[in-house]
Amino acid sequence: MPSQQQPTDKPEARKSSPSPSPLQHLPNPPVISSTTTLIFFIILILSFFPGIFHYLWAVPLHILFGSGSSPTSSHSHSIHHPAVGDSSYPYSSDINSNSKTMWYQKQFSLPSRARGSYLITDDVLRELPQIKDYKVGLLNLFIQHTSCALSLNENWDPDVRKDMSDTLDRIVPEAGPKGEALYRHDAEGPDDLPAHVKSALIGASLTIPIKDGKLQTGTWQGIWYLEFRAAKHTRRVVATIQGEKA
């Protein structure tokens with residue numbers, strides 16, 4: 001009986017395919033280009049140093065056209081700082097190298113006064129003879145306190161000043177109709193809080209134009225100092241003059 005021929009070829013073993021990795025299902029990470037990185041870096045720099053943007057266009061213009069000064073000279077100021085304790089000092093501004101614009105500043109004290117309205121035009125002119133040196137300009141007066149005020153008003157009839165004080169007392173009384181307290185803040189006396197309110201209503205500063213060395217107030221306008229405290233107080237005023245000298 002013929003022997004059965006054994007197959008010489010063995011079937012190849014079935015290879016088990018490896019299970020897919022979970023990482024294969026994740027999207028590819030975005031690739032950040034060098035251009036994007038550069039733009040982000042520039043934006044970051046400009047956000048921390050916004051002044052750089054000014055130089056990016058000012059410097060090339062300065063190189064092309066030339067002005068004999070730095071690109072930022074039109075925005076710079078040169079100020080002479082006074083010695084400590086000096087309450088009166090002039091200083092100049094170099095906004096324009098051809099400009100005659102000058103600044104002058106002085107602090108002075110008003111005569112001690114109790115409650116009332118006072119005409120102080122002559123006091124201001126006596127303290128500020130420099131006004132006559134200015135061809136055109138502005139005078140700013142600022143009182144450094146919270147219970148008094150400055151104003152421009154009637155300069156002829158003194159009854160106007162008395163009526164003004166009486167009117168303000170009626171608008172902001174110290175007590176109610178039956179003498180009852182009206183305000184929480186009374187640590188400095190019943191007249192203190194009403195003085196603060198009156199100061200807010202009238203104002204702590206005023207500005208007057210200067211022309212040919214004179215204040216350009218109207219015929220019947222005068223500078224008023226209004227004191228709102230019952231007792232006498234000495235008040236300080238800072239005067240600032242800006243303008244072109246003659």
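Just the heavy atoms: all of them, side chains too, but no hydrogens, waters or symmetry mates, feed the values below.
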Can you list the residues that meet the side-chain contact (heavy atoms from CB on, under 4.5 Å) rule with [X], with sequence neighbours excluded?
X: P111; result: R113, D123
X: T234; result: S109, S112
X: E127; result: K106, F108
X: S165; result: S117

(request) Run through the side-chain heavy atoms of Ile, Leu, Val, Met, Phe, Trp and Tyr, join any pair under 4.5 Å, and report what else lands in W220's cluster. (result) W156
(request) Hydrophobic side-chain clustering at under 4.5 Å (ILVMFWY, transitive links): who's grouped with F142? Put none if nobody. (result) none
Is it the case that the side chains of [Y] and [X] hold a donor-acceptor pair, with the cut-off being a distance below 3.5 Å and no angle test?
X: S147; Y: R235; answer: yes
X: Q105; Y: T240; answer: yes
X: N140; Y: T207; answer: yes

From [X] [atom1] over to [Y] [atom2], what is the distance, rounded to the nearest 0.5 angstrom?
X: L110; Y: Y118; atom1: CG; atom2: OH; result: 11.5 Å
X: N153; Y: I223; atom1: CG; atom2: CD1; result: 12.0 Å
X: L125; Y: Q130; atom1: CG; atom2: CD; result: 11.5 Å

Closest non-hydrogen atom pair between [X] and [Y], with its separation:
X: P173; Y: R170; result: CD-O, 3.7 Å
X: L141; Y: A239; result: CD2-CB, 3.6 Å
X: L215; Y: I131; result: CD2-CD1, 4.0 Å
X: L150; Y: I202; result: O-CG2, 3.6 Å
X: E180; Y: P177; result: OE2-CD, 3.3 Å
X: L138; Y: P209; result: CD2-CA, 3.9 Å

Is a donor on one side and an acceptor on the other found under 3.5 Å between the side chain of [X] and the backbone of [Y]?
X: K132; Y: P129; result: yes
X: H145; Y: I143; result: no
X: S199; Y: C148; result: yes
X: D133; Y: A246; result: no

(request) Using the salt bridge (Lys or Arg N to Asp or Glu O under 4.0 Å) rule, collect all pairs that involve residues 136-165, keeping only residues at least two apart or in two chains. (result) none
(message) Do the side chains of E174 and R115 get close enough for a salt bridge, i.e. N-O under 4.0 angstrom?
(response) yes
(request) Just grab all the ring-ring contact (aromatic ring centres under 6.0 Å, His included) pairs involving residues 166-186, residues at least two apart or on different chains. (result) H185-H196
Are [X] and [Y] linked, directly or through other ILVMFWY residues, by side chains that come within less than 4.5 angstrom of each other?
X: L201; Y: L206; answer: no
X: L119; Y: F228; answer: yes
X: Y134; Y: I208; answer: yes
X: L139; Y: V238; answer: no
X: V160; Y: L226; answer: yes

Are any non-hydrogen side-chain atoms of [X] and [Y] less than 4.5 angstrom apart?
X: Q144; Y: V237; result: no
X: L168; Y: V172; result: no
X: E244; Y: V136; result: yes
X: T101; Y: Q242; result: yes
X: K245; Y: M102; result: yes

Restricting to salt bridge (Lys or Arg N to Asp or Glu O under 4.0 Å), what partner residues turn up for [X], sequence neighbours left out?
X: D169; result: K198
X: R184; result: none
X: R229; result: D191, D192

(request) With sequence neighbours left out, write down each residue that passes side chain to side chain donor-acceptor pair (under 3.5 Å) with Y225, or none if nothing qualifies. (result) E227
